[in-house]
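Notes follow once the structure below has been shown.
Given the structure is predicted, the values throughout are model-derived calculations rather than measurements. Numbers restart at 1 for each chain; the letters A, B, ... are given by sequence-line order, proteins then strands.
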Amino acid sequence: MTLHNPQIAELFNRYAVLLEIKGDNPFRVRAYRNAARTIENLPRDVAAMLGEGDDLTELPGIGDDLAHKIADIVSTERFADFEKLKKQFPPGLADLTEVPGIGPKRIKLLHQKLKIDSLAALTEAARKGRLRGVPGFGAKMEAGILRVAEKHAAGEKRFRLSVAEMVAEPYVRFLRRIKGVRQVTLAGSFRRRRDTVGDLDILVTAVPHASVADRFVTYGEVSEVLANGPTKASVRLKSGIQVDLRVVASRSYGAALVYFTGSKAHNITLRTMGQRRGLKINEYGVFKKDKWIAGRTEKDVYEQLGLPYIEPELRENQGEIEAAAIGKLPKLVTLADIKGDLHAHTEASDGSATLEDMAHAARSRGYEYLAISDHSKYIGVTHGLDPARLAAQARKIERLNAKFENFRILRSTEVDILPDGSLALPDSALKPLDLVIGAVHSKFDLSARQQTERIIRAMDNRYVNIIAHPFGRLIGEREPYALDIERLMKAARERGCFLELNAQPSRLDLSDIHCRMAKKLGLKLAISTDAHTAETLDYMRFGIDQARRGWLEPDDVLNTRGLKELLRLLKRD
DNA sequence: GCCGTTTTCGGCCCGACTGTTTTCAGTCG
C-alpha cells in the first residue's frame, strides 16, 4: 500500500495544524499548506514521478527540504516529523480547529489554562461556564461552542455544483431586486466551476449606502446570520450552505471579482507579483503609491501585471499565471465546440425518452450525431438489451437515420465489463455497432491492480472504443474505486481507445485533475452526458466545466470532431 | 520552508468582522 497524493497532502495539512498550534513560523506553516495543495492537484502520482527520477523541486512551493521529505514519506510510508510532533500534543487537540472562531492561538490558550484537549472537553467546559475566566472568551463564544456541539459534524459538507446552482439562482434574483443594486455576480469556487462547492460567494456592486448587506440577511431561506457588516455579510441557509456577500463600488468591480473568485493561492501569487512591480492589489483595485490606477474590470487588473485575462476555471495557481506570462494559456473548449453526444439512454433500457425524442433533442441542440448506448443485459441494470434487442434497435436507428439530413444516430451500447474483464455481449453483437462503450457497474472493491487490469482486458477487445465513468464515483455518495489511472490512460492510448468524462453532475468522472493528466499523456477524452432523458442532454455544460478546469482545448476532446472525422478516430486499426 | 527583473537573505497578500477590548488580537476568506 503505497501512499498516494491525497494521503501525502493530508499529512502535510495535519502537520501544518500542529505547527500552528505550537506557534511555529506562520510562513513555514503556509509552506506546508502550499505544498499540500500542489500535491493534491498534481496530475501525476508523486510516487510514480520519483520512480522515474523526476525532480520535485520543479513543482511550485516545493524546495529541497520538502522534496526530500516527500521522497522519505514515499519510501518509508511514514512522515517522521509529523509523528514526532504528534507526540507533543493530545490526539484530539487538532480537532478543535473545526469550531468556528477558534484558531491555533485560542487552542493553545485553552490547553494551557484549562487543559482542554478535545471537542468533548471544550463543550464540557462551555457547559459548566468555565470558559468565562479565559481572556477573549465571553458569553457569545460559549453559546457558539455549545451550538456547534449540538450539531456536531455539521461542518465540512460540500455541495454538488448543480445543487449549489439551484440554491444560488433564486438568491441572486432576490438581491437584484434590492434598490440601488447594480451587478450581482456569483464568484468563488462556484465561478471556478469546481465539481463541489463548500460555500457560495456573491459579489454585489451598488450605489453608496444601498444597505445591501442588511437586506441580504433577511432572505427567507436564511437560518442563521454569521456576520453582518456594512460591506460584508455571511449567512447559513436552511439547506446548510453558507453564503458570503461582499459589496463594492462599481469602479472596484473587476478587482473585487478577482479577489472573490480566487482561488486564494491564485490571488496571493497575483498580489506578490504586484508587489514586485510596486503595486498594491486588493479587492478595491490596483494601487500605485495609494493612487487607484485600475480595477473596473478583471482584464484591467491582469493587464497591470502584464498578463492577459485568465479564465476563472484555471485560477488554481497550478501554472496558469506562468502560462499567461509567456502567452501560453490554453484556448479552452466551450459548449459551442461540441458536435455531438456519445453516451445516451432510451426507454429501451433505463432511460425515459424514446429514440425519436432523443434524436430530436440532440438535433435541436445543433448536434451532428448522438450515440444511443443503452445498457447490455446484465445484473444490476434494469431492462438491459440482449443481442436480439440490440440488433432490432440498430435496424430501427437505420430507418430513422434515412430520414435525417446532416444528423446521424450512432448505434452503440454501454456494455458491462464483467469482473474478469470480459464483456456482457458477444463480439458478434458488438461488431455491427458504430461505437462500443465499456463500463464497470459491479465489483468495485477490487485492488487497484485488479481493477486496472480488468478494464485494460476489456480494451483488448478490438470493438471497444470508450470507457465510461472510469472511476465509478458518485459525488458525496460513493468514493471512486481504486485504479491506476495513469496506466489505464497509457493502455487506452496504445489501443486507440478513449476515456469518458461523464458529465452527469453527480459523477463528473473523470475529474478535472484527470483531464489534465490525459492531456499531458496525449489521450483524447469524450465528454458525454449519459443522458437518461431528453432534457439532461443539457448536462453537457457540466462536463465542459471540468474539461476547462483540466486545461482541455477543442483538439483534446473527441466529440468536437465532425461526424466523418469522429468515425475515422473511432476506427481501431 | 520557499523564493529571487531589488534579493542566496530577508522578506513572505490584504482587508473585514467579531467579541470583548478600552485600542485590538484573532479568525476568516
Residues of residues 263-280 of chain A with a heavy atom under 4.0 Å from any atom of DNA chain B, listed by number, are K264(A), I268(A), R271(A), T272(A), Q275(A), R276(A), K280(A)
Ignoring hydrogens and geometry beyond distance, is a side-chain donor-acceptor pair present between E316(A) and H266(A) at under 3.5 Å?
no
Euclidean distance, atom NE2 of residue H68(A) to atom P of dG1(B) [Å, nearest integer]:
13 Å
Write down the distance separating the C1' atoms in dT20(B) and dT27(B), rounded off to the nearest Å.
14 Å
Please give the distance between the C1' atoms of dT7(B) and dC12(B) as a whole number of Å.
13 Å
If the cut-off is 4.0 Å, is K232(A) near the phosphate of dC28(B), judged by side-chain N/O to OP1 or OP2?
no
What does the list of N/O pairs under 3.5 Å between the protein and nucleotides 18-20 of chain B look like, with a distance for each?
{"unit_1": "dT18(B)", "atom_1": "OP1", "unit_2": "N228(A)", "atom_2": "N", "d": "2.6"}
{"unit_1": "dT20(B)", "atom_1": "OP1", "unit_2": "G138(A)", "atom_2": "N", "d": "2.2"}
{"unit_1": "dT20(B)", "atom_1": "OP1", "unit_2": "G138(A)", "atom_2": "O", "d": "3.3"}
{"unit_1": "dT20(B)", "atom_1": "OP1", "unit_2": "A139(A)", "atom_2": "N", "d": "3.4"}

Non-hydrogen side-chain atoms of F137(A) and L110(A) separated by less than 4.5 Å
yes
Would you jot down, in residue-number order, the residues of residues 295-319 of chain A having a non-hydrogen atom under 4.0 Å from DNA chain B?
none
What is the base-pairing partner of dT8(B), counting Watson-Crick and G-U wobble geometry with both distances under 3.5 Å?
none
What is the distance, to the nearest angstrom, from the CG atom on D214(A) to the P atom on dC17(B)?
11 Å
Side-chain N,O (Y259(A)) to OP1/OP2 (dA16(B)) below 4.0 Å
no
Using only atom types and a distance under 3.5 Å, with no angle test, would you say the side chain of D509(A) pairs donor to acceptor with the backbone of G472(A)?
yes
Measure from CG on D64(A) to P on dC3(B) and round the result to the nearest Å.
9 Å
Of the candidates dG15(B), dC2(B), dG29(B), the side chain of D244(A) sits closest to dG29(B)
Please enumerate all residues that pass side-chain contact (heavy atoms from CB on, under 4.5 Å) together with E124(A), with sequence neighbours excluded.
R127(A), K128(A)
Quote, to the nearest angstrom, the C1' distance that separates dT23(B) from dT18(B).
15 Å
Compare the minimum distances between each of dC2(B), dA16(B), dG29(B) and the side chain of T231(A), then state the nucleotide with the smallest one.
dA16(B)
Assign P230(A) to base, sugar-phosphate, or nothing according to its heavy-atom contacts below 4.0 angstrom with the strands shown.
sugar-phosphate
Among dA16(B), dC13(B), dG1(B), the one nearest R30(A) by side-chain distance:
dC13(B)
Interatomic distance at C1', dT22(B) relative to dG15(B), whole Å
23 Å
Do NZ/NE/NH1/NH2 and the carboxylate oxygens of E311(A) and K331(A) come within less than 4.0 Å?
no
Determine the Euclidean distance between corresponding P atoms of dC13(B) and dG19(B); express it in Å to zero decimal places.
28 Å
For DNA chain B, which residues of residues 178-210 of chain A approach it to below 4.0 angstrom with any heavy atom?
none
Between dG15(B), dC12(B), dT27(B), which nucleotide gets closest to the side-chain atoms of N25(A)?
dC12(B)
Taking salt bridge (Lys or Arg N to Asp or Glu O under 4.0 Å) as the definition, give me every residue that meets it alongside E553(A), ordered by chain and number, with sequence neighbours left out.
K519(A)
